[in-house]
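What follows is one structure encoded as C-alpha cells, with my remarks underneath.
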Number of protein chains: 2
Amino acid sequence: MKRDSRLSGVLHVLLHMAQQPGPFTSETLAKAVDTNPVVIRRIMAGLRDLGYVRSEKGHGGGWTLACDLSKVTLRDVYVALGSPALLAMGNRTEAPGCLVEKAVNAALGKAFDDAEALLLARLGEVTLAMLSEDLGRRLGSRKQQGISAHHR
Amino acid sequence: MKRDSRLSGVLHVLLHMAQQPGPFTSETLAKAVDTNPVVIRRIMAGLRDLGYVRSEKGHGGGWTLACDLSKVTLRDVYVALGSPALLAMGNRTEAPGCLVEKAVNAALGKAFDDAEALLLARLGEVTLAMLSEDLGRRLGSRKQQGISAHHR
DNA sequence: CCATCATGTAACATACAAAGTTACATGAAA
DNA sequence: TTTCATGTAACTTTGTATGTTACATGATGG
C-alpha cells in the first residue's frame, strides 16, 4: 500500500516556517521539501481554514504562521489534513451480517482501535513548539540559517 | 489509501474452517468470503508455508487446518501474510540529510513505532482458539451449522 | 490602469498496491 | 485418462496519494 506522507510533509513545511519570519511562497516551500507548489497549497489548505497559518496573494504574499506553536499539537495538524486513515489494514466489511465476520471484526477492531487511539494520543502530546525546539538543538551552533542551508 | 483486508479475510477463512472438519476447496472458501478462489490461494500460501494449514490436490482435496489453534495468534497469521505495512502514514523520506526532516521523522517515527508495537502486541494476545470460542458464543444455540448458513 | 506576482482550484496524468480475473501447468484420485 | 483441485504467472480493475498543467482570482507596484 502506498504510504501517505502528507503529515510528514506539512510538518516539514511548518518547521521551516518556524525558523524564519516569512512570508514564504508555495514555490519556496515546495523546493524545500522537493515537491510541487500545488501540493503545498493542497496540504496547507486545511491549516489555513483552521487559522493555523495565513495566506496572502500578490506581491510579497505567501504563507505565514498564525498560531501559538506551543498550543498546536501534531494531532491538530493531522486533523487539519482531514484526519486521513491511520492504519493500512481494516476489516473486510463494516457492519457484516455474517457472524464469522462479526467475530473477526470484533477481535481485529479492538486491536485496531487501541493502536489508533495510542497513535492519536502520542501525536497529541507533541506541540509544534517542542518540535521546533528539538530542531533548534539539532541545528546546534548553526543557528539562524536559511532554508537552503537546511536542505541538501 | 486503499485498505488492506487480507488479515481480516484470512481470519474469516480460518474461522470457517474451524467450524467444520474439512477439507475445503478454494472455491468453497471463496464463496464464503465473497471473493475469488485465486485470492484464497494467495492469502493461504504463507500459512501453508508455515505449516498452519495444509493443501491437497485432486479429488477430495482442498485446505485443512494443520495447527493447534490455541498456539497460533493473530500476529502469527499476520506474519504469515508477509508482515504487510500496518500504518497508512509514514515519513516522507527515511534517512534524510535535511535536519528539519530528521526532527520531523524523530517525532513522528516514535509515535508510529509505539502504535505499531501496540498493535502487534494486541494481535499477539489473541489466539485462533479464542477467536473460535468467541464465534461459538455468537452462534449460541445454532451450533454445528455449515458455512452456507453462516453467510447471508 | 495594467503588468506582475501569488494563491485557489479544477482537471488530468502518474505511480503504486490490493483485489479480481484469466489461463494454464502440475499432480492426485476415481 | 478424465476429472478435480491446487500453484502460479500475467493481466485487469480499482482506489488513493502525488505530480502537473491550466486558468481564475485577487493584491501590489509601477
Side-chain angles (χ1 to χ4, degrees), chain A residues 1-10 12-13 17 22-49 52-66 78 81-93, chain B residues 1-10 12-13 17 22-49 52-66 78 81-93:
Chain A
M1 175 167 310
K2 201 176 193 177
R3 218 99 167 212
D4 183 342
S5 66
R6 280 176 294 179
L7 181 57
S8 171
V10 76
H12 191 139
V13 165
M17 291 174 69
F24 303 84
T25 67
S26 299
E27 185 160 356
T28 300
L29 296 173
K31 276 176 187 150
V33 296
D34 193 37
T35 183
N36 192 290
V38 178
V39 173
I40 298 293
R41 296 190 189 113
R42 212 136 65 185
I43 62 180
M44 296 287 275
L47 295 180
R48 181 194 54 224
D49 295 345
Y52 299 150
V53 296
R54 213 175 19 228
S55 62
E56 306 279 358
K57 292 180 177 178
H59 281 277
W63 299 89
T64 321
L65 289 173
Y78 161 76
L81 288 177
S83 306
L86 293 173
L87 299 184
M89 318 191 66
N91 289 322
R92 249 171 27 90
T93 313
Chain B
M1 179 166 306
K2 202 177 192 175
R3 218 100 167 210
D4 183 343
S5 65
R6 280 176 293 180
L7 182 56
S8 171
V10 76
H12 192 140
V13 165
M17 292 174 68
F24 303 85
T25 67
S26 300
E27 186 160 356
T28 301
L29 295 172
K31 275 176 187 150
V33 297
D34 193 38
T35 184
N36 192 291
V38 177
V39 173
I40 298 293
R41 297 191 188 112
R42 210 136 66 183
I43 62 180
M44 296 287 276
L47 295 180
R48 181 193 56 224
D49 295 345
Y52 299 149
V53 296
R54 212 172 23 225
S55 63
E56 306 280 358
K57 291 180 177 178
H59 281 277
W63 298 89
T64 322
L65 288 173
Y78 161 76
L81 288 178
S83 305
L86 293 173
L87 299 184
M89 317 190 67
N91 289 323
R92 249 170 27 92
T93 314

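Each chain gets a letter, A, B and so on, in the order its sequence line appears, and its residues count up from 1. Every value quoted in this text rests on a predicted model; they were computed, and no experiment measured them.
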Separation of dG19(D) P from Arg6(A) CZ (nearest whole Å): 12 Å
Pairing residues for Ser5(A) by the side chain to side chain donor-acceptor pair (under 3.5 Å) criterion, not counting sequence neighbours: none
4.5 Å side-chain heavy-atom contact, Leu87(A) and Leu87(B): yes
Residue-phosphate contact under 4.0 Å: Arg48(A) side-chain N/O, dT9(C) OP1/OP2: yes
Between dA17(C) (P) and Leu87(B) (CG): distance, integer Å: 16 Å
Pair pattern of DNA chain C in dot-bracket, where unpaired bases get dots and | marks partners in another strand, Watson-Crick or G-U under 3.5 angstrom: ||||||||||||||||||||||||||||||
Heavy-atom pair with the smallest gap, counting every atom of Pro37(A) and Ala30(A): N-CB, 3.5 Å
Contact under 4.0 Å: Ser55(A) side-chain N or O vs dA6(C) OP1/OP2: no
For atom CE of Met44(B) and atom P of dT8(D), their distance in whole Å: 14 Å
Under 4.0 Å protein heavy-atom contacts per nucleotide of nucleotides 20-30 of chain C, with B for base, S for backbone only and - for none: BBB---BBBB-
Leu86(A) vs Tyr78(A) side-chain heavy atoms within contact, under 4.5 Å: yes
dA5(D) OP1/OP2 closer than 4.0 Å to side-chain N/O of Ser26(B): no
Rounded distance in Å - CD (Glu27(B)) to P (dG7(D)): 15 Å
Qualifying residues under salt bridge (charged side-chain N to carboxylate O under 4.0 Å, His left out), relative to Arg41(B), sequence neighbours excluded: none
Whole-Å gap separating C1' (dA18(C)) and CZ (Arg3(B)): 14 Å
Separation between CD1 of Ile40(A) and CZ of Arg42(A), rounded to the nearest 0.5 Å: 10.5 Å
Met89(B) CE to Arg3(A) CZ distance, which is reported to the nearest 0.5 Å: 10.0 Å
Test side chain to side chain donor-acceptor pair (under 3.5 Å) applied to Ser8(B) - qualifying residues, sequence neighbours left out: none
Sugar-phosphate only, base, or nothing, as touched by Arg54(A) at under 4.0 Å among non-hydrogen atoms: nothing
Nearest-angstrom distance from the residue atom CG of Leu47(A) to P of dT7(C): 15 Å
Nearest listed nucleotide, side chain of Thr25(B), among dA6(C), dG7(D), dA5(D): dA5(D)
Side chain to side chain donor-acceptor pair (under 3.5 Å) partners for Thr93(B), two or more places apart: none
dA19(C) phosphate, OP1 or OP2, under 4.0 Å from Ser5(B) side-chain N/O: yes
Spacing between Leu29(A) atom CG and dT7(C) atom C1', to the nearest angstrom: 12 Å
Distance, rounded to the nearest Å, where Ile43(B) contributes CD1 and dT6(D) contributes C1': 15 Å
